[in-house]
Amino acid sequence: MSETAAKAPGAPAPSGDANRWKALVFIALAQLMVVLDATIVNIALPSAQTDLGISDGNRQWVVTAYALAFGGLLLFGGRIADLWGRKRAFVIGLTGFAAASALGGAATSGAMMFGARALQGAFGAMLAPAALSLLAVMFTDAKERAKAFGIYGAIAGGGGAVGFILGGVLTEYLDWRWTFFVNIPFAIVAALGAYFVIREPEGGRNRNPLDIPGVLLSTLGLVSLVYGFTRAESDGWGDATTVGLFVASAVLLIAFVVTEARVKAPLLPLRVVLDRNRGGIYLSLGIAIIAMFGTFLFLTYYLQVIKGFSPIKTGFAFLPMIAGMMIGSTQIGTRLMTRVPARTLMGPGFLVAAAGMLVMTQMEIGSSYASTILPAMLLLGLGMGTAFMPAMSLATLGVEPRDAGVASAMVNTSQQVGGAIGTALLNTIAASATTSYIKDHIATATSKPQQQLVQMQGAVHGYANAIWVAVGMLVLAAVVVVTFVNAGKPEATPVTSGEGAEDELVVPVVAH
């Protein structure tokens, strides 16, 4: 079969490259590595901080350096994938990520650690969009595409929770440095597999010159936005620097949009985001991730600080959510995606996840894991898995092949920005509610044990208040889906999109 899958009129839809399912294994492995890294380092952070002598004021940069580089360079990384070729960008991204991980594991100072984390983020920004866009151009049959994106969606959603388990095991039984070194075998296997197995269709390159003004404006605008939310969490929303970062971000991103509308070869062609289905997907995913990331944070603190779970036990406590995501993505989503419109999976999926969050708002100091946390996690995982899977597929479905990398980068950008907003916004809400509760109840606590009890009750009260906001976010995500996403079920009838491509590449269309 031709790699570019040129199609004669009336011929059946091509099934794609013969090695596409083998390729999926290595793409999924790379995606798991990137998603794991977002949470695995958090578990190891206290030990790393002590060993490297990082101050409390600077420890946030272990997380922030990665988030800024990753979030700021995603659009650039997606465009590089379209320009150089997704396979090449994928392998380079993996190699660089492995080298940066080795540097982080061998770090002897805080500055060396911060630099390694920034490099991880930069190579991750090249790797993540290349991985998703490879799936978009390799799986063209509607049913196969559903299965492939079901697996990818489950990994994208559940990998963060797996990071808690792996981070706890490595930190407790080996050393915090292994939370970095563990990426190296992942990356080597995925890179070698990709090099020998992936056969990327040649027709989807975008060989237009790089939009340098667009790169600078988007990178600076996204970095300002992500850093603004990071500062808001630590220094408050009214802090002059925080406000300045948000203003700068708004100005830079508006200038970016104006530039993209005028230049001949834009970094982000506005046709990618102005499509109502893709725009709805990006917006709803970002909103849902706000809820999800905040909840990961609160559940970790609740289980470890309030319930006294060890890091490993906390990690395993997240397993029901991972199981729910796997079922939602690979069973419900995959089986129904080719039979029903995407919004009839995504809308109810977000609402089921909201129901899980609603159960979580009822948690108290004495709540048992089995009666409150377990059903909440199952519902959350099931709903998110069902919603993520069609979202990942629809975000790149029908896009012109030359735009596949940038369209994939927008999925990652919405998730990254959503994660930054979720961590800062929900943490601020929780902290404010906790402070207010303690202030109102501490006067009645006459002994030290009573005061400690009030402080714990205040913390749980704060978590519950923030999770109520997360419930609202998931309901809002469902409303966005129902309002904007009007695509029908994927049809097996392919169309070609040859504009700006050397050969014809078959891309499935969506019935309206």
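Two residues are said to be in side-chain contact when any heavy atoms from C-beta on lie closer than 4.5 Å; Arg278 and Val273 fail this criterion. Using a 4.5 Å heavy-atom threshold, the side chains of Leu474 and Leu351 count as separate. Residues Leu382 and Met325 fail the side-chain proximity criterion, which asks for heavy atoms closer than 4.5 Å. Looking only at side-chain heavy atoms (C-beta outward), Phe70 and Leu222 stay at 4.5 Å or farther from each other. The closest side-chain heavy-atom distance from Met360 to Thr372 is not below 4.5 Å. Looking only at side-chain heavy atoms (C-beta outward), Phe350 and Thr386 stay at 4.5 Å or farther from each other. Looking only at side-chain heavy atoms (C-beta outward), Leu220 and Phe256 stay at 4.5 Å or farther from each other. Taking the side chain as every heavy atom from C-beta outward, Leu253 and Leu217 never approach each other to under 4.5 Å.
Atom CZ of Phe97 sits about 11.0 Å away from atom CD1 of Ile184, to the nearest 0.5 Å. Here CE of Met126 is found 11.5 Å from CG of Leu74. Values are rounded to the nearest 0.5 Å. Atom CG of Leu127 is separated from atom CZ of Phe123 by 10.5 Å, given to the nearest 0.5 angstrom. Expressed to the nearest 0.5 Å, how far CG of Leu378 lies from CD1 of Ile322 amounts to 11.5 Å.
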I would like to know whether Gln120 and Ser101 meet side chain to side chain donor-acceptor pair (under 3.5 Å); could you show each step before the answer?
CA-CA 7 Å; Gln120 277 187 312; Ser101 297; 2.9 Å; yes
Stepwise, does the side chain to side chain contact (heavy atoms under 4.5 Å, CB included) test hold for Tyr302 with Ile373?
CA-CA 10 Å; Tyr302 175 76; Ile373 306 302; 4.0 Å; yes
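Within a 6.0 Å radius of CD in Gln450, more than 12 heavy atoms belonging to other residues, nucleotides or ligands are found. For Phe484, the CZ atom counts as loosely surrounded, since its 6.0 Å shell holds 12 or fewer non-hydrogen atoms of other residues, nucleotides or ligands.
The minimum heavy-atom distance linking Val471 with Met357 is given by the pair CG2-CB, 3.4 Å. Residues Leu270 and Val257 approach most closely at CD1-O, 4.1 Å, considering heavy atoms. Residues Ser224 and Ala248 approach most closely at OG-CB, 4.4 Å, considering heavy atoms. Contact detail for Arg177 and Leu52: the closest heavy-atom pair is NH2-CD2, 4.1 Å.
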Could you list the donor-acceptor pairs under 3.5 angstrom formed between side-chain atoms of residues 237-244 and any protein atom two or more places apart in sequence or on another chain?
{"from": "Trp237", "atom 1": "NE1", "to": "Thr428", "atom 2": "OG1", "distance (Å)": "3.3"}
{"from": "Asp239", "atom 1": "OD2", "to": "Arg231", "atom 2": "NH2", "distance (Å)": "3.0"}
{"from": "Asp239", "atom 1": "OD2", "to": "Thr241", "atom 2": "N", "distance (Å)": "3.1"}
{"from": "Asp239", "atom 1": "OD2", "to": "Thr242", "atom 2": "N", "distance (Å)": "3.2"}
{"from": "Asp239", "atom 1": "OD2", "to": "Thr242", "atom 2": "OG1", "distance (Å)": "3.4"}
{"from": "Thr241", "atom 1": "OG1", "to": "Arg231", "atom 2": "NH2", "distance (Å)": "3.4"}
{"from": "Thr242", "atom 1": "OG1", "to": "Gly236", "atom 2": "O", "distance (Å)": "3.3"}

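Below 30°, between 30° and 60°, or above 60°: for Tyr437 and His441 the angle between ring planes is below 30°, a parallel geometry. Between Trp176 and Phe180, the angle of the ring planes goes over 60°, which puts this pair in the perpendicular group of the 30/60° scheme.
Taking the ring centre of Phe309 as origin, the terminal cationic atom of Lys307 falls outside the region bounded by 6.0 Å and 45° from the ring axis.
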